[in-house]
2 protein chains.
Amino acid sequence: MNIHDLAKHLNISIGTVSRALNGRADVSEETRKRVLEAAKRLGYSPNQSGRSLRRGSTGMVGFMVIANRSRAVRGEAFFMTVFDGVQSVLAKENLDLVIYYCGDGQSPETYVQRIVERGLVDGLIVSQTTRVDHRIDYLIQQNLPFIAFGRSQSGGDHSWIDLDFEGVAEQSIDLLTRLGHRRIAVATPAGDVNYGFVYTEACRAALKRRGLELDDDLVIREAISEAGGYRVGERLLAMKQRPTGVVAVENSLAIGLYSKLKDAGVAPGRDISVVGFDETPTFGLFLQPPLTRFRLELVDLGRWLGTHMVELIEAKRAGKTIPFAQKVWPLELVVGASTMPVSPAADGAPEVVSAEAGAKRRVSRTARTSSLLAGSTARD
Amino acid sequence: MNIHDLAKHLNISIGTVSRALNGRADVSEETRKRVLEAAKRLGYSPNQSGRSLRRGSTGMVGFMVIANRSRAVRGEAFFMTVFDGVQSVLAKENLDLVIYYCGDGQSPETYVQRIVERGLVDGLIVSQTTRVDHRIDYLIQQNLPFIAFGRSQSGGDHSWIDLDFEGVAEQSIDLLTRLGHRRIAVATPAGDVNYGFVYTEACRAALKRRGLELDDDLVIREAISEAGGYRVGERLLAMKQRPTGVVAVENSLAIGLYSKLKDAGVAPGRDISVVGFDETPTFGLFLQPPLTRFRLELVDLGRWLGTHMVELIEAKRAGKTIPFAQKVWPLELVVGASTMPVSPAADGAPEVVSAEAGAKRRVSRTARTSSLLAGSTARD
DNA sequence: CGGAATTTCGTAAACGTTTACGAGATCAGG
DNA sequence: CCTGATCTCGTAAACGTTTACGAAATTCCG
């Protein structure tokens with residue numbers, strides 16, 4: 001079933017069929033109706049290969065996620081929620097979102113290269129950026145509309161969006177130091193994941209602003225998983241001089257950490273203060289005591305990606321040049337009961353402290369709310 | 001940069017270039033080397049639109065996931081792990097895996113229709129099947145190689161793979177009834193997700209085999225999320241005649257359930273026995289007491305999908321017809337401490353029972369191990 | 001050395017679209 | 001009725017490949 005069949009069936013030329021389907025002006029209203037009706041009835045829609053060959057564009061936007069860094073980087077519904085936001089915007093522009101999944105065996109660089117060279121997409125979103133990320137250099141050079149989800153030290157000017165790790169660090173350290181904590185550990189992903197370093201350095205700077213140092217042995221790098229969080233707990237508890245507070249930059253780290261602490265009879269909040277992440281909405285629910293954590297609106301973030309991607313693609317189509325966008329995405333601090341005033345005997349000896357103090361719920365935001373997008377969309 | 005440019009640059013014809021790149025025999029070893037070298041140096045790879053237009057096949061396999069059922073049905077780590085397996089097999093056959101994400105606003109039926117009509121893929125995997133699933137009828141009719149991930153009542157003969165919910169039900173009920181439980185609740189997804197019904201009916205049958213009935217009010221259908229699991233707990237505890245055991249067919253359900261139970265001061269295992277799922281490897285780690293649960297090898301499952309998809313595609317290419325495959329995937333029971341002998345006063349009054357009894361670790365399997373695939377691949 | 005067999009390559013058609021161009025039909029206005 | 005404008009449509013080229021076909025060059029073998 002192709003355009004010739006349809007044309008023959010209607011006794012008109014393929015040119016007219018094409019024009020009718022593509023909504024061009026020079027076709028009578030009557031024939032257009034006939035064509036549309038017949039197309040629907042016979043289940044015809046234009047072959048994508050033929051169309052994009054002729055048009056020179058595919059109408060597809062790629063979103064690349066990486067396997068070995070994926071279960072790593074964030075768990076569960078994180079990306080799917082972002083997809084939702086991207087999709088909702090692209091659909092309005094007749095663009096399709098396709099997800100390219102770079103498997104364990106494949107190199108992200110050659111994977112992105114294949115996608116581009118073979119002309120699979122009109123635009124690409126690359127996630128899970130590393131500090132040096134050759135994908136970015138390559139994409140700049142190729143002049144393909146793209147957005148990096150995550151910052152990187154690579155490449156020149158380009159569009160990116162990233163979470164406000166500096167804001168998170170500042171607020172975390174602010175909260176803990178106000179509660180009297182001075183020896184604070186930082187749990188961060190192992191491997192060359194850019195935000196791990198961003199976050200660590202931001203914590204260091206926040207501490208320095210308060211006259212404190214971040215000892216190197218307090219930077220704990222572990223695989224991003226519940227198991228990794230568990231090991232963070234082990235390393236924490238094994239320290240001669242145990243920290244009184246710890247900040248963890250990812251969901252599963254905090255969960256695994258909780259697990260180890262409880263196994264060891266160390267109560268989060270009472271014995272050691274924990275600040276965590278809650279990038280997917282329903283996750284922190286079950287942790288007891290409730291985790292002090294940062295949450296964010298991932299659907300809106302996805303919408304931002306989609307909106308800017310459309311801008312980039314349309315600009316290129318029109319031959320215009322528009323400024324790249326760089327966006328730092330705000331997170332919201334939700335104070336739970338896992339952060340408490342430091343115990344007087346701050347050497348880590350378990351000592352009971354009022355379990356209620358400091359648990360009054362507070363909320364603040366790491367950055368000004370995005371002006372581009374509508375208000376938050378609470379999920380589930 | 002297209003094949004003409006490359007040919008001109010090498011002073012040979014485009015036919016030769018194409019043959020060289022596609023590994024055909026009728027090209028001298030020397031020119032092949034020259035072509036490959038030049039292609040790599042100039043960053044040329046064949047345009048996919050042109051290639052698939054001519055070939056009539058795209059070399060892509062689609063994997064469709066659905067938004068509103070996705071966060072619902074299973075988390076992201078679930079699918080990503082499956083992708084890994086599929087990908088690893090497809091890559092060997094020079095096939096690409098692309099993930100189509102059907103967003104919240106889109107209908108899965110029209111989405112799959114578009115994918116097929118526009119000729120985007122050589123084969124398609126559809127997941128999250130419903131009881132009546134028009135996608136399946138449509139795909140059968142279209143004669144496109146496809147596999148359903150999940151059973152359905154729709155459609156005639158076709159290939160599918162599904163988890164062994166019957167085995168899970170049988171083993172769960174067996175375990176609980178051996179421990180003396182007679183009043184057992186079933187927590188299952190709300191909505192028309194096929195496996196919810198399969199599982200419920202399998203539980204009902206397993207109970208019947210032991211002379212027990214499954215009361216309708218003991219079938220608790222809730223959204224598949226931690227919040228849903230929490231509501232399961234609420235409904236459970238609100239019952240006049242509280243069940244002594246509960247089986248939950250999904251990860252997050254068990255997690256939310258635990259949360260509610262603990263909030264209410266009801267100890268899993270001691271006060272109520274819980275059997276859960278652990279479809280993603282690292283999840284159950286942190287639950288205390290350790291959850292009695294079913295686990296499975298998702299990468300291997302993905303490999304099975306990939307392998308069979310390759311068979312289907314190659315058969316179609318060769319014009320042959322091969323039998324469809326139907327596969328029930330085994331799960332492994334891991335007995336934790338959340339299942340205990342029923343308390344003598346089985347009316348739900350919290351009563352202390354030996355916390356160690358019944359906690360000896362056992363492992364068994366719901367079905368014979370797949371003969372097709374190699375042994376398990378433990379994942380962090 | 002001559003013919004056949006083999007190796008290597010160029011030519012051109014085909015895949016299914018979109019669109020520039022131009023032609024016929026219709027219409028308005030004088 | 002004539003001219004020009006407008007509306008509607010058909011024709012054909014082009015997008016970048018792959019591949020059937022045949023031709024030229026080389027090798028083989030008696």
Side-chain angles (χ1 to χ4, degrees), chain A residues 1-36 38-39 42-60 94 96 114-122 142 317, chain B residues 1-36 38-39 42-60 94 96 114-122 317-318:
Chain A
M1 182 85 229
N2 57 21
I3 201 172
H4 289 95
D5 300 336
L6 187 57
K8 206 178 300 171
H9 180 265
L10 287 168
N11 262 330
I12 55 180
S13 77
I14 61 166
T16 306
V17 172
S18 177
R19 279 189 298 264
L21 291 174
N22 287 317
R24 307 200 83 81
D26 54 350
V27 52
S28 77
E29 224 24 74
E30 191 215 334
T31 38
R32 183 192 310 282
K33 210 180 304 175
R34 280 180 58 215
V35 171
L36 288 177
L42 302 182
Y44 166 80
S45 71
N47 177 282
Q48 186 59 33
S49 302
R51 163 174 280 183
S52 48
L53 179 57
R54 168 64 218 224
R55 281 193 176 160
S57 75
T58 61
M60 311 241 172
N94 265 339
D96 278 324
R114 268 186 26 164
I115 294 175
V116 174
E117 281 176 0
R118 300 167 67 185
L120 297 179
V121 294
D122 294 348
Q142 291 295 312
R317 239 178 235 160
Chain B
M1 182 85 228
N2 57 21
I3 201 173
H4 290 96
D5 299 338
L6 188 57
K8 204 179 305 174
H9 181 265
L10 288 169
N11 262 332
I12 55 180
S13 78
I14 59 166
T16 306
V17 171
S18 177
R19 279 188 298 265
L21 291 174
N22 288 318
R24 307 200 82 83
D26 55 349
V27 52
S28 78
E29 223 25 74
E30 191 214 334
T31 39
R32 183 191 310 282
K33 210 179 303 174
R34 278 180 61 215
V35 171
L36 287 177
L42 302 182
Y44 167 81
S45 73
N47 176 284
Q48 186 59 31
S49 302
R51 162 174 282 183
S52 48
L53 180 57
R54 167 66 219 220
R55 280 192 176 162
S57 74
T58 61
M60 312 242 171
N94 265 340
D96 277 325
R114 269 187 26 164
I115 294 175
V116 174
E117 280 177 358
R118 301 167 70 187
L120 296 179
V121 295
D122 293 348
R317 236 179 237 160

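Letters A, B, ... are given to chains in the order of the sequence lines, protein chains preceding strands, and every chain is numbered from 1.
DNA chain C lies under 4.0 Å from at least one heavy atom of each of the following residues of residues 17-30 of chain A: A/Ser18, A/Arg19, A/Asn22, A/Arg24.
Panel note: side chain A/Asn2, backbone A/Asp5; a donor-acceptor pair is recorded below 3.5 Å. For the pair B/Thr58 (side chain) and B/Ser52 (backbone), a donor-acceptor distance under 3.5 Å is absent.
Residues satisfying the salt bridge (charged side-chain N to carboxylate O under 4.0 Å, His left out) test with B/Arg32, not counting sequence neighbours, are B/Glu29. A search for salt bridge (charged side-chain N to carboxylate O under 4.0 Å, His left out) contacts involving A/Asp26 returns A/Arg19, not counting sequence neighbours. With sequence neighbours excluded, the residues satisfying side-chain hydrogen bond (donor to acceptor under 3.5 Å, both in side chains) with A/Arg114 are B/Asp96. Checked against side chain to side chain contact (heavy atoms under 4.5 Å, CB included), B/Ser13 has the following partners two or more places apart in sequence or in another chain: B/Thr16. Listed by chain and residue number, nothing satisfies the salt bridge (charged side-chain N to carboxylate O under 4.0 Å, His left out) test with A/Arg54 (two or more places apart in sequence, or in another chain). Listed by chain and residue number, A/Ser28 satisfy the side-chain hydrogen bond (donor to acceptor under 3.5 Å, both in side chains) test with A/Thr31 (two or more places apart in sequence, or in another chain). Not counting sequence neighbours, the partners of B/Ser18 by the side-chain hydrogen bond (donor to acceptor under 3.5 Å, both in side chains) test are B/Asn22. Every residue two or more places apart in sequence or in another chain that forms a side chain to side chain contact (heavy atoms under 4.5 Å, CB included) with B/Ile14 is listed here: B/Ile3, B/His4, B/Ala7.
Counting non-hydrogen atoms under 4.0 angstrom, A/Ile12 reaches the backbone sugars and phosphates but no base. Nucleic acid contact for A/Gly15: base, since at least one base atom lies under 4.0 Å from a heavy atom of the residue. As judged by a 4.0 angstrom heavy-atom cut-off over every strand, B/Thr31 is placed among residues touching the sugar-phosphate backbone only.
A 4.5 Å side-chain heavy-atom check between A/Leu6 and A/Leu42 finds at least one atom pair inside the cut-off.
Residues B/Arg54 and B/Ser13 both approach DNA chain C. Their nearest nucleotides, taken by heavy-atom distance, put B/Ser13 toward the 5′ side. Comparing B/Asn11 and A/Asn2, the nucleotide of DNA chain C nearest to each residue sits closer to the 5' end for B/Asn11.
Interface limits on DNA chain D: the 5'-most and 3'-most nucleotides within less than 4.0 Å of chain B heavy atoms are D/dG16 to D/dA20.
In the helix from C/dC1-D/dG30 to C/dG30-D/dC1, the end axes, each obtained as the rotation axis mapping the C1' atoms of four pairs onto the next four within a five-pair block, lie 40° apart to the nearest 10 degrees.
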